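See below for the structure under consideration.
None of these values were measured; they are calculated from a predicted model. Heavy-atom basis, side chains included; hydrogens, waters and symmetry copies ignored.
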Amino acid sequence: MDETLVAVGDRIRSLMPSGMSQRRLAGQAGMKPDALSRALNGQRGFSSTELARIAEELGADLYWLATGNEDPRRVQIAARHSWDPERRVSSNPGRSHDDAILAQVIEVYNAAFPEGPPASEPLPDEPARMRGVLGDDFVQTFGAVVEARLGVDVVRLPGLTTDYSLSIGSRAVVLLATTPSWFRSNWSLAHELAHLALGHHSGIAEPAEQDEAPANSFAAELLLPRELVEREDWQRMDERRLAGFLWRTGVSALALKTRLDWLRITPAPSITAAMKETTPKLIRAHAEVAGGTEKVAVRQQGSSSRVFPSAVLDALQRRVDAGRVSPEYLAWALDVPVDEIDFPVPDDEQVADAYARRLEDRPSAADLGKWVAANNRLAG
């Protein structure tokens with residue numbers, strides 16, 4: 001009797017719901033009941049097809065069933081949802097559009113880290129503790145601080161309809177749509193950190209709608225903690241001080257108004273009126289609070305620029321240099337033509353042909369979309 005096969009059987013039994021018979025599971029797996037019984041007891045092995053069908057039937061991770069370990073490349077996704085006032089629900093209508101970009105990002109990580117990316121440390125699950133780790137004035141360079149102090153990758157890409165957080169294996173990644181609205185980007189980053197910290201990644205399917213309110217509450221307390229807001233004298237505040245407060249906290253006037261309403265703080269009428277202006281207009285009108293208009297432009301540029309973590313780019317370059325991965329992945333991450341990527345040219349015709357075939361066989365956006373759909377069926 002093979003102890004490794006027995007362990008597989010034990011993991012399958014642990015996931016079988018009460019009332020599920022072995023006969024029913026055997027039917028779903030395309031096995032005879034006797035064959036399943038012998039496999040569960042370690043007297044025969046499962047074929048890959050049988051194990052995949054069992055994983056699908058039990059809603060289990062195939063890699064875990066086979067090995068007992070977490071899949072170093074398993075993908076779990078959460079998204080920032082939009083509020084639909086007519087249906088009174090949160091939704092992500094652009095998900096089908098974003099799937100190809102999500103798949104490309106996942107493929108870039110897999111190309112850079114074929115054994116799975118380095119694991120992130122568990123995140124503080126309370127906003128106050130996370131603020132303590134991030135330190136003072138973290139919103140000034142929010143994304144860089146998140147990478148350096150929390151070990152969460154921050155990727156910024158154009159073309160996305162919303163923002164996402166991903167777990168690729170044990171690596172936490174936040175994927176942000178590029179936008180000059182740095183205050184929106186800050187809120188999205190805080191919101192996605194909340195999804196990661198609160199364990200809302202239950203599979204490749206998006207989190208349940210009820211997860212959105214806790215994520216928003218976490219983001220609000222992270223960026224606008226009660227004690228920070230209540231420290232201000234909102235009845236005596238003027239427009240210049242309001243602009244400074246928005247700049248320091250990195251939020252929009254609308255987010256601040258919502259927070260004040262939640263905390264039942266009534267500001268002076270002039271401040272209520274000022275918060276109806278756009279955030280950029282408010283801050284540009286008092287640019288000295290930001291250190292000048294150039295500082296405002298720098299922040300806008302930071303949230304508008306395409307960014308991949310340097311560790312991912314370095315890992316990709318190393319694998320390209322070794323001839324182990326197509327330079328197309330690095331070119332896509334950097335948003336440059338592949339001809340600008342320095343990669344080795346094979347020195348004999350046979351190897352050159354093999355290398356050319358590898359370039360021709362690189363996955364297209366359509367291929368990657370199919371990969372996501374296949375994983376949806378398996379992991380959902």
- Answer yes or no: is there a side-chain heavy-atom contact under 4.5 Å between Leu196 and Ser167? yes

- Item | Contact check, side chains of Thr249 and Leu228, non-hydrogen atoms, under 4.5 Å | yes

- Message: For the aromatic rings, using the six-membered ring if either is Trp, is the centroid distance between Phe245 and Trp234 under 6.0 Å?
- Response: yes

- For the residue pair Phe218 and Ala190, what are the closest heavy atoms and their distance? CD2-O, 4.5 Å

- Message: Taking the side chain as everything from C-beta on, heavy atoms only, tell me whether Arg319 gets closer than 4.5 Å to Pro114.
- Response: yes

- Tell me, with the steps shown, if Leu254 and Met275 meet side-chain contact (heavy atoms from CB on, under 4.5 Å). CA-CA 7 Å; Leu254 178 59; Met275 286 192 293; over 6 Å; no

- Apply the test side-chain contact (heavy atoms from CB on, under 4.5 Å) to residues Ser165 and Val173: give CA-CA distance (whole Å), side-chain angles for both, the deciding distance (0.1 Å), then the verdict. CA-CA 6 Å; Ser165 50; Val173 182; over 6 Å; no

- Item | Partner residues of Asp136 under the salt bridge (charged side-chain N to carboxylate O under 4.0 Å, His left out) criterion, sequence neighbours left out | none

- Query: Does Gly151 offer a backbone N or O that forms a donor-acceptor pair with the side chain of Ser120 under 3.5 Å?
  - Reply: yes

- Query: Ala253 and Thr279: which non-hydrogen atoms are nearest, and at how many Å?
  - Reply: N-OG1, 2.9 Å

- Message: For Arg13, I'd like to know if atom CZ has over 12 heavy atoms of other residues, nucleotides or ligands within 6.0 Å.
- Response: yes

- Between atom CG of Asn110 and atom CD of Glu115, what is the distance when rounded to the nearest 0.5 Å? 10.5 Å

- Query: Between atom CD of Glu288 and atom NZ of Lys295, what is the distance when rounded to the nearest 0.5 Å?
  - Reply: 13.0 Å

- Task: Could you list the residues that satisfy salt bridge (charged side-chain N to carboxylate O under 4.0 Å, His left out) with Arg284, not counting sequence neighbours?
- Result: none

- Query: Of all residues at least two apart in sequence or in a different chain, which pass the salt bridge (charged side-chain N to carboxylate O under 4.0 Å, His left out) check with Glu232?
  - Reply: Arg241, Arg248

- Side chain of Ser181, backbone of Phe183: donor and acceptor closer than 3.5 Å? no

- Query: Taking the six-membered ring for Trp, are the ring centroids of Trp187 and Trp182 within less than 6.0 Å of each other?
  - Reply: no

Side-chain donor-acceptor pairs of residues 306-318 under 3.5 Å, sequence neighbours excluded:
| from | atom 1 | to | atom 2 | distance (Å) |
| --- | --- | --- | --- | --- |
| Arg306 | NE | Ala333 | O | 3.3 |
| Arg306 | NH2 | Trp332 | O | 2.6 |
| Asp314 | OD2 | Arg318 | NE | 2.9 |
| Gln317 | NE2 | Asp321 | OD1 | 2.8 |
| Gln317 | NE2 | Asp342 | O | 3.4 |

- Non-hydrogen atoms of His195 and Asp211 that approach each other most closely: CE1-O, 3.9 Å

- Among all residues two or more places apart in sequence or in another chain, which pass the salt bridge (charged side-chain N to carboxylate O under 4.0 Å, His left out) test with Arg44? Glu50

- Item | Test item: Ser37 and Gln43 side chains (from C-beta on) under 4.5 Å apart, heavy atoms | no

- In Å, rounded to the nearest 0.5 Å, how long is the span from OG1 of Thr278 to CD1 of Ile283? 9.5 Å

- Query: His191 and Asn216: side-chain donor and acceptor closer than 3.5 Å?
  - Reply: yes

- Message: Rounded at 0.5 Å granularity, tell me how far CG in Leu242 sits from OG in Ser270.
- Response: 9.0 Å

- Heavy-atom closest pair (Ala255 atom, Ser252 atom, distance to 0.1 Å) is N-OG, 3.0 Å

- Residue pair Met20 / Leu58, side-chain heavy-atom distance below 4.5 Å: yes

- Task: Applying side-chain contact (heavy atoms from CB on, under 4.5 Å), run through Ile12 and Ile54 and close with a yes or a no.
- Result: CA-CA 8 Å; Ile12 291 172; Ile54 288 173; 4.1 Å; yes

- Task: Without swapping roles, check the side chain of Ser14 against the backbone of Arg11 for a donor-acceptor pair under 3.5 Å.
- Result: yes

Identify every side-chain donor-acceptor pair in residues 219-227 under 3.5 Å, counting partners at least two apart or on other chains, and give the distances.
| from | atom 1 | to | atom 2 | distance (Å) |
| --- | --- | --- | --- | --- |
| Glu221 | OE1 | Arg259 | NH2 | 2.4 |
| Glu221 | OE2 | Arg226 | N | 3.3 |
| Arg226 | NH1 | Glu230 | OE2 | 3.1 |

- Point-to-point distance, once rounded to the nearest 0.5 Å, from CG of Leu175 to CD1 of Ile101: 8.0 Å

- Query: Closest heavy-atom contact between Thr179 and Ser185?
  - Reply: CG2-CB, 4.2 Å

- Could you check if a side-chain atom of Tyr164 sits within less than 4.5 angstrom of a side-chain atom of Val174, using non-hydrogen atoms only? no

- Message: Around atom CD of Gln235, are there more than 12 heavy atoms from other residues, nucleotides or ligands closer than 6.0 Å?
- Response: yes

- Query: Do His286 and Arg240 come close enough that some side-chain heavy atom pair is under 4.5 Å?
  - Reply: yes

- Message: Do Asp335 and Leu157 make a side-chain contact, defined as non-hydrogen atoms from C-beta onward lying under 4.5 Å apart?
- Response: no

- Mind running side-chain contact (heavy atoms from CB on, under 4.5 Å) on Tyr329 and Val320 for me, showing each step along the way? CA-CA 9 Å; Tyr329 290 109; Val320 168; over 6 Å; no

- Could you tell me which non-hydrogen atom of Asn41 sits nearest to which non-hydrogen atom of Val6, and how far apart they are? O-CG2, 3.7 Å

- Message: Check for me, please, whether Leu282 and Val289 land in the same ILVMFWY cluster - side-chain distances under 4.5 Å, paths through other members count.
- Response: no

- Query: Does any N or O in the side chain of Gln22 come within less than 3.5 Å of the main-chain N or O of Leu36, such that one atom is a donor and the other an acceptor?
  - Reply: no

- So, the side chain of Asp163 versus the backbone of Ser188: is there a donor-acceptor pair under 3.5 Å, distance only? no

- Task: Check for a donor-acceptor pair, side chain of Asp98 on one end and backbone N or O of Thr161 on the other, with a separation under 3.5 Å.
- Result: yes

- Query: Once you round to the nearest 0.5 Å, how far does CZ of Arg38 lie from CE of Met31?
  - Reply: 8.0 Å

- Message: Count I, L, V, M, F, W, Y as connected when their side-chain heavy atoms are under 4.5 Å apart, and connections chain through other members. Are Leu15 and Leu5 then in the same cluster?
- Response: no

